[in-house]
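Numbering starts at 1 and runs along the sequence shown. Counting starts at 1 for both ligands and their atoms, in listed order. Just so we're clear, the structure is a prediction, and the values are computed from it rather than from any experiment.
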Amino acid sequence: MRTPLIVGNWKMFTTVAEAQALAKGIRGVLAESRVTVAICPPLTALAAVAKVLMGSGIHLGAQNMHWEEEGPFTGEVSPRMLADAGCRYVILGHSERRQYFAETDWSVNQKVHAALRHALTPIVCVGETLVEREDGRTFQVVGGQVRGALARVRKDSAAGLVLAYEPVWAIGTGRTATPEQAQEVHAFVRKQLAEIWDGASAARVLILYGGSVKADNAAELLAEPDIDGALVGGASLQVESFARIVKEQESA
Ligand code: PGA
């Protein structure tokens with residue numbers, strides 16, 4: 001019922017030329033994929049990558065945005081601009097944004113509403129830090145982030161919404177959650193969604209796992225029933241490793 005989604009988050013990597021080359025490589029091997037594939041280059045490369053991806057079935061996404069359509073917000077980019085650049089997805093509330101750029105559940109919620117208004121699919125990131133996990137507060141933290149991000153979002157938006165569980169201690173560390181740890185939180189998130197809306201709406205939401213997903217550990221994570229795909233950072237910067245993760249999802 002849920003078509004799996006693999007998203008590459010290129011973070012603050014690649015010049016325009018590097019991004020074009022990487023996108024061409026990805027298009028070359030993944031244009032016919034049976035799962036949904038999206039890549040999120042840095043802002044400066046969006047237009048160039050949009051051209052490379054045209055007609056391929058691979059989608060374009062951004063890594064962040066402001067919630068207003070336009071205005072005096074120096075350095076920001078709006079949902080209207082992202083849609084205009086060819087984006088279909090936007091990552092919101094990534095832990096690096098929360099940690100280094102003071103992103104809060106409130107601002108993530110503003111952005112979720114703005115994305116939905118502009119037909120952008122938000123990929124809302126949630127996840128606990130190592131200290132929070134060790135204190136036994138994982139569910140409290142993740143539950144709060146889910147409820148905060150989705151405040152006043154109606155259930156008819158469920159199908160156009162993606163969540164990503166990314167334990168902060170697993171991002172860029174090479175340390176990934178075990179499939180059991182990830183599935184436990186994914187099931188919890190889906191239960192939260194069922195409480196916020198209802199079971200049928202919760203069943204429509206894609207919940208991705210992120211945090212050191214590599215070709216070698218993807219299969220076991222993606223086999224879990226509530227893991228509907230992956231948000232991939234480091235391993236999405238090379239055609240071969242990203243393609244292998246997509247292939248693992250295709251055969252999951
Ligand atoms: P990683 O990043 O795959 O490099 O751990 C994932 C993410 O931050 O989305």
Quick check: closest heavy atoms across Val49 and Ala19, and the distance to 0.1 Å? CG2-CB, 3.9 Å
Enumerated ligand 1 atoms positioned under 4.0 Å from heavy atoms of Ser212: 1 (P), 3 (O), 5 (O)
Charged N to carboxylate O below 4.0 Å: is that the case for Arg147 and Glu195? yes
Is the closest side-chain donor-acceptor distance between Asp105 and Gln145 under 3.5 Å? no
Could you see which bit of Asn9 sits under 4.0 Å from ligand 1, with heavy atoms only: side chain, backbone, both or neither? side chain
Short N or O distance, Thr173 and ligand 1, threshold 3.5 Å exclusive: no
Looking at Gly233, Gly172, Gly174, Ser236, the heavy atom closest to atom 5 (O) of ligand 1 belongs to Gly172
Shortest non-hydrogen contact from Ile227 toward Leu221: CD1-O, 3.2 Å
Measure up the Trp67 and Trp106 rings against each other and bin them: parallel (under 30°), tilted (30 to 60°), perpendicular (over 60°). perpendicular
Under 3.5 Å: N/O of Gly210 near N/O of ligand 1: no
Are His94 and Glu166 close enough that a side-chain donor and a side-chain acceptor fall under 3.5 Å? yes
Measuring from the heavy atoms of Ala235, does anything fall under 4.0 Å of ligand 1? no
Give a yes/no verdict on whether any heavy atom in Lys214 is under 4.0 Å from an atom of ligand 1. no
So is Cys125 close enough to ligand 1, meaning a heavy atom under 4.0 angstrom away? no
Pull out every atom of ligand 1 sitting under 4.0 Å from any heavy atom of Lys11, numbered as shown with elements. 2 (O), 7 (C), 8 (O)
Shortest non-hydrogen contact from Gly93 to Arg98? O-NE, 2.8 Å
Side chains of Gln99 and Ser95, donor plus acceptor under 3.5 Å: no
Can you name the atoms of ligand 1, numbered from 1 with element, that are less than 4.0 Å from a heavy atom of His94? 7 (C), 8 (O), 9 (O)
Can you confirm whether Glu68 is buried at CD, in the sense that more than 12 heavy atoms of other residues, nucleotides or ligands lie under 6.0 Å from that atom? yes
Close-contact set for ligand 1 against Ala170 heavy atoms, below 4.0 Å: 5 (O)
Considering only non-hydrogen protein atoms, determine which one is nearest to atom 7 (C) of ligand 1 and report residue, atom name and distance to 0.1 Å. Glu166 OE2, 3.1 Å
Could you check atom 4 (O) of ligand 1 against the protein and tell me its nearest heavy-atom contact, residue, atom and distance included? Gly234 N, 2.8 Å
Find all atoms of ligand 1 within a distance of less than 4.0 Å from any non-hydrogen atom belonging to Gly211, and give their numbers and elements. 5 (O)
